[in-house]
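Within every chain, numbering begins at 1; the chains are lettered A, B, ... in the order of the sequence lines, protein sequences first and strands thereafter. Note that this is a predicted model, so its numbers are computed, not measured.
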Amino acid sequence: MERSREDGPEPPPLPPEEPAAEQRGRAAAMEDCLLKKIEISVSEAEKRTGRNAVNMQETYTAYLIETRAVESQTEGQCSPVDSLWRRYSEFELLRNYLLVTFPHIVVPPLPEKRAEFVWHKLSADNMDPDFVERRRIGLENFLLRVASHPILCQDKIFYSFLTQEGGWKEMVNETGFQLKLVLELKNPDKRFTELKHYSDELQSVISHLLRVRARVADRLYGVYKVHGNYGRVFSEWSAIEKEMGDGLQSAGHHMDVYSSSIDDILEEEEHYADQLKEYLFYAEALRAVCRKHELMQYDLEMAAQDLTSKKQQCEELATGTVRTFSLKGMTSKLFGQETPEQREAKIKVLEEQIHEGEEQLKSKNLEGRDFVKTAWADIERFKEQKNRDLKEALISYAVMQISMCKKGIQVWTNAKECFSKM
Amino acid sequence: MSGPAAAPGSGTPKALPSSGPRSLRDMPHPLAPAASEEAAAALSPSPDLPLPRSIADKDLSLPNGTPVDTSSPASSSSLLNRLQLDDDLDGETRDLFVTVDDPKKHVCTMETYITYRVTTKTTRAEFDLPEYSVRRRYQDFDWLRNKLEESQPTHLIPPLPEKFVMKGVVDRFSEEFVETRRKALDKFLKRIADHPVLSFNEHFNVFLTAKDLNAYKKQGMALLSKMGESVKYVTGGYKLRSRPLEFAAMGEYLDVFALKLGTIDRIAQRIIKEQLEYLVELREYGPVYSTWGGLEVELGEPLEGVSACIGNCCTALEELSEDMTEDFLPVLREYILYSESMKNVLKKRDQVQAEYEAKLEAVALKKEDRPKVPTDVEKCQDRVECFNADLKADMERWQNSKRQDFRQLLMGMADKNIQYYEKLISCSTGDEDHAFEIGLLYMIETWSEGIVVCN
C-alpha cells in the first residue's frame, strides 16, 4: 500500500484512499483526540513462524504499526516514523481490555479473526494475500477509530500499544482487567462462574476443531483428486496393450469415479460443520447470560455497599461517634462542628436515602433471584438440547464416514475386478 | 516325473532357443490353483501369516518327491513366492527353485554391507547336489548380471534393483530398504531360474553353488563357457537401414510403455505425499475431540469414540502409504529398468543385422561368380537368425510375465485400498478400551436402520 509520506506541509492526510476515511478524519479533527497529535497507520503485513503456547510450530501474520508525530513541518522536513510489529491476538487483547475498562463505551470492532472455516483450496485462508490485505485495512480502521474517540484515545494502554514494542502484553495483564469483574464480586454464583469457564472452553475447542476439520477436508480432497490421473494414464496405456487393454481401460474409469466421489462426500460434511458452528455461536450467547448475571450481581453488591455506608454515616451523625475515618469527619472536627439543625437535616436526608436504598436493594435482590431462577432453568434446557443435538451430529458424522468407506470399498473392488481381467 | 534327459555333463539346454514356449501354456502347473487368488494373497503375506488355505491343502512335495518343509517361515514365504511367477520351462515341470532371504548385516573395518541367503533346490544334473545355501551380496548379483549380459547377449536379462542410493536420502540399512531390495533380488533370480536358456548358464550355476564366489570371479574371461558361446559380437559401428517390423514395433512399444510407467510412478508418489499430509492433519484432528470430551459429561464417550476412530484411521493410513512405497513403486521402477535393458538388446540385434547386411553387400559388390556364400557371411547370417529367434521368444515370454506381474501388482494395490477402508469401518475388535467405539457403531447401525425404516 502506497503511503504518501512525502506530502508537504499541508495537514496530515489520513490514510487509505477511501473517502469515508477522510470524512472520519474531518470529524475526528473536530474533537480533541489523539489523532490530532499523531498519525497512525498499519502499513505492512508479514508472514512469520514461531512457537505457540503449547510449543507447537505455527504460522501467523504480523502487522506493522507506524506512528508519526503531527507537527507543523518545516519545508522538506519530515518527522521520524516510529514503528513496531503486532499480531492479531494483540489487537484482540487491546480490545478486550478496552471493553472491560470502558463498559459504557461502544468499543469499535475488530475485523474478522479468521477467514470463514472453509475447506476448499480456492477459498481464502488466513495466509491468503487478499484476506491479509483486507485485514490490514480493518486493523488500521480500528486504530483510527479508537484514536479518534475522545475517551478511549486517552487510555495509556492504548498509547503504549502504538508505541511500546516490548513488555506491552505484561503491562495489559498487570491491569488485571481480565479478572476485574470476577474478583469484584463478593458472592459470585459458582454455577455461573463455571458456566462462563465452560463456554470459553467450548468456544475455543469448537473453533479449533472446525479449523482442523477444514484442513483435513482439504487434504482428503487432494488425495482423491490425484487418483483421477490414473484414469487418464491407464487409458493411454491400454492403447498399446492387447490383452491387458480392456482391463486397464475399465479400471481407469473406476479411478475417475473414485476421484469425483469426494465432492459429494465433503459437501455432506459441511452440514456437520454447520451444526458445530451453531454451537460455537451458542457459546457466545451463554457467555452473554453469564455476563448479565455478573453485572446484576455487581450492581447488587454496589447498592448493598452503598446502603451500608449510608447507614453507618447516619449512625455516626446520630450518636456523634466516628467509627470510620472520613475526610468529612476530620474537616468538620478541624473546622468546627455543625449546628444541630444542620446535623438534623443531614440525618433526615440520609434516612430518606437509606429508606430508598433499602427498597431498591429489596427489588434488586428479587430481580437477581428471579434472573438466576429463569436463567438457570433455561441453561438446563439448553444443556439437554446441546447434548441431544451434538450427539446426533456426531452420530451422523460417523455414519458419513462409514458411508465414505463403503463407497471406497465398492470402487476399489470394481477396479480390482477389472485388473483381474487384464 | 520327467527330468532333463540330456546326458550328464553335457549341459546343453533342453530345447533349442528358437522353439518358443507355446505349447507350455496349455500345461497346468503342478501347484497351480486359481492364479489370481494366489497372486493376490502372495503380494502381501508376512512369514507369520498362515498359508492361504488352498496351498495348505495341496500336496506340497517337489516333483521329485522331496517333501517340502513348510515349518520354517522362510520356506512358507518362498512357496508363496514361487506361485507369483508362472513357470514356462519348455514342456517341463519346474526343476529349479531359487529363493533369496535372510538379510544380514556385516560390519568390517573397510565397509559395512548386507548379505542375503540364496537357497537352491533342484533335481538338475548340472548341479552336483540337490540343495545349496550360499550367502551373496549385491555386488555378486551385479557381477552375475554382467556375466549373463556378456555371455547371453541375445537374451533379455532381468533387471536388478538400483545400485546406487543417495547416502543422505535413503538409509541403506533400514529394514524397509533391505526388504525391498531382497524382494527384487529374489525376483531377479527366479526370472533367471525360470528361463529355459539362462537357467543353464554356467555363471548362474556357480553363483548358486560356489562357496567362494570371489575366487571364481577372479578367473574372469579365461573360463570358456561350456555352452561354447564364445561370444564376441563386434559392434563395429555398422548402421542398420531398417528394423524389421516386429522389432520396430517392440521398440516403439517399449518407449511408450516406459513413459506410461514413469507417469504412474509419479502419480503414485504424489498420492503418497498427499496421504502423508492428510495424516499430519488427522494427527491434530483426533486429539481435539478428546480435549472436547474432557469438557463434557454426557458427550464425553461419543467424543472419545470419534477421537479413537480418527487415531485408528491414522494407523491404517500409515500402513497403506508404507505398503505402496515398499511394494508398488519398486516394481514399477523395475519394469522401467527392464525396458531400458531390452531396448539395448534390440540395438545390439540391429548391430548384428547391420554387420551381416554390410558383409553381404560387400560380397555382392565383388561380383564374383561364387557358387556359395563365404563362411564368414554365413556365420553372420546364422547369428542374425539366432538372435532374432532368441529375442522373439524372450519377448513373448516377457509379455506374458509382464501381464501377470501387472495384474498382480494392480490387484494388490486395489486390495490394499480395500483393506484400508475395511480397517476404518471395523475400528477395533473386542478391545475393552474401545468399547465405546463399538457402542457408537452399534448406535449408528441401529440408528441408520431406524432412519431407513422410517423412510
Side-chain angles (χ1 to χ4, degrees), chain A residues 56 198 201-202 205-206 208-209 212-213 215-216 218-220 222-227 229-230 232-234 236-237 239-244 247-248 251 383-384 386-387 390-392 394-399 401-402 404-409 411-422, chain B residues 36 40 252-253 256-257 259-261 263-264 266-268 270-271 273-275 277-282 284-285 288-289 291-292 295-299 302-303 305-306 309 313 399 402-403 406-418 420-422 424-425 440-441 443-444 447-448 451:
Chain A
M56 279 185 51
Y198 168 78
E201 305 260 293
L202 187 69
V205 86
I206 293 186
H208 188 194
L209 191 69
V212 184
R213 191 213 71 91
R215 293 204 306 262
V216 165
D218 209 24
R219 290 299 176 198
L220 190 61
V223 172
Y224 271 76
K225 284 303 173 192
V226 181
H227 278 86
N229 293 318
Y230 274 146
R232 199 172 352 128
V233 75
F234 283 170
E236 290 166 4
W237 182 9
I240 58 168
E241 296 290 344
K242 296 183 204 104
E243 300 116 336
M244 278 168 60
L248 273 176
K383 277 187 190 165
E384 284 184 20
K386 176 206 77 179
N387 286 335
L390 291 177
K391 209 184 264 183
E392 194 201 299
L394 289 171
I395 289 179
S396 76
Y397 185 57
V399 169
Q401 300 306 303
I402 289 181
M404 173 178 90
C405 291
K406 288 195 172 152
K407 274 190 213 164
I409 291 175
V411 170
W412 282 104
T413 307
N414 292 341
K416 184 178 171 187
E417 218 191 288
C418 296
F419 291 137
S420 73
K421 301 205 181 104
M422 271 170 42
Chain B
S36 59
E252 277 164 30
Y253 170 82
V256 181
F257 179 66
L259 211 65
K260 295 307 146 194
L261 287 191
T263 308
I264 294 175
R266 276 192 300 280
I267 296 172
R270 178 81 192 278
I271 289 176
K273 175 168 170 279
E274 296 281 338
Q275 278 171 343
E277 289 178 347
Y278 174 52
L279 186 60
V280 167
E281 303 297 349
L282 281 180
E284 193 182 329
Y285 190 44
V288 181
Y289 279 100
T291 308
W292 187 0
L295 284 181
E296 301 284 342
V297 178
E298 229 184 284
L299 291 175
L303 285 169
V306 175
C309 281
C313 180
Q399 281 285 11
K402 169 211 80 182
R403 184 178 167 196
F406 276 96
R407 185 193 304 143
Q408 187 181 292
L409 184 73
L410 292 168
M411 283 177 70
M413 171 174 90
D415 248 337
K416 289 194 181 93
N417 279 279
I418 293 170
Y420 164 73
Y421 283 113
E422 283 176 346
L424 295 197
I425 291 188
L440 179 67
L441 281 166
M443 265 199 293
I444 294 163
W447 185 281
S448 45
I451 290 173

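Heavy atoms only, all atoms of each residue included: A/Trp412 and B/Ala414 are closest at CE3-CA, 3.5 Å. B/Phe406 and A/Met244 make their closest contact through CB-CE, 4.1 Å (heavy atoms, listed as atom of the first residue, atom of the second, distance). Smallest separation of non-hydrogen atoms from B/Ile264 and A/Phe234: CD1-CE2, 3.8 Å. In plain terms, the two heavy atoms of B/Glu422 and A/Ile409 that are nearest each other are CG-CD1, 3.6 Å. Contact record, B/Asp415 with A/Lys416: OD1-NZ, 3.0 Å, taken as the closest heavy-atom pair. The minimum heavy-atom distance linking B/Glu281 with A/Val212 is given by the pair O-CG1, 3.7 Å.
Of the listed residues (A/Val216, A/Val233, A/Val205, A/Leu209), the one with the most heavy-atom contacts under 4.5 Å to chain B is A/Leu209. For the set A/Val411, A/Leu390, A/Leu248, the entry with the most heavy-atom pairs within less than 4.5 Å of chain B is A/Leu390. In terms of non-hydrogen atom pairs under 4.5 Å with chain A, the most contact-rich of B/Thr263, B/Leu279, B/Ile271 is B/Ile271. Each of A/Leu202, A/Asn229, A/Leu220 has some count of heavy-atom pairs under 4.5 Å with chain B, and the biggest count is that of A/Leu220.
For the atom pair A/Arg215 CZ and B/Glu284 CD, the distance stands at 4.5 Å (nearest 0.5 Å). Taking CD1 of B/Ile418 as the reference point, atom OG1 of A/Thr413 lies at 3.5 Å (rounded to 0.5 Å). Summarising the geometry, atom CD belonging to B/Gln275 is positioned 12.5 Å from atom CZ belonging to A/Arg219; distances are rounded to the nearest 0.5 Å. Note that CE of B/Met411 is 11.0 Å distant from SG of A/Cys418, once rounded to the nearest 0.5 Å. How far CE of A/Met404 is from CG of B/Leu424: 6.5 Å, rounded to the nearest 0.5 Å.
A 4.5 Å side-chain heavy-atom check between B/Ile425 and A/Lys406 finds at least one atom pair inside the cut-off. Residues A/Trp237 and B/Leu261 are in side-chain contact: their nearest non-hydrogen atoms beyond the backbone lie under 4.5 Å apart.
The number of heavy-atom neighbours closer than 6.0 Å to CD of A/Glu201, taken from other residues, nucleotides and ligands shown, is above 12.
Ionic pairing of A/Lys391 and B/Glu298 is present here: one or more N-O contacts between side-chain nitrogen and carboxylate oxygen are shorter than 4.0 angstrom. B/Lys402 has a carboxylate O that lies under 4.0 Å from a charged side-chain N of A/Glu241, or vice versa, which qualifies the two as a salt bridge. Comment: A/Lys386 engages B/Glu296 in a salt bridge, judged by a side-chain N to carboxylate O separation of less than 4.0 angstrom.
Heavy-atom distances place no part of B/Tyr420 under 4.5 Å from chain A, backbone and side chain included.
Between A/Tyr397 and B/Tyr289, the ring planes lie parallel to each other; the angle is under 30°, not in the 30° to 60° tilted range.
A donor-acceptor pair under 3.5 Å is formed between the side chain of B/Arg403 and the backbone N or O of A/Met422.
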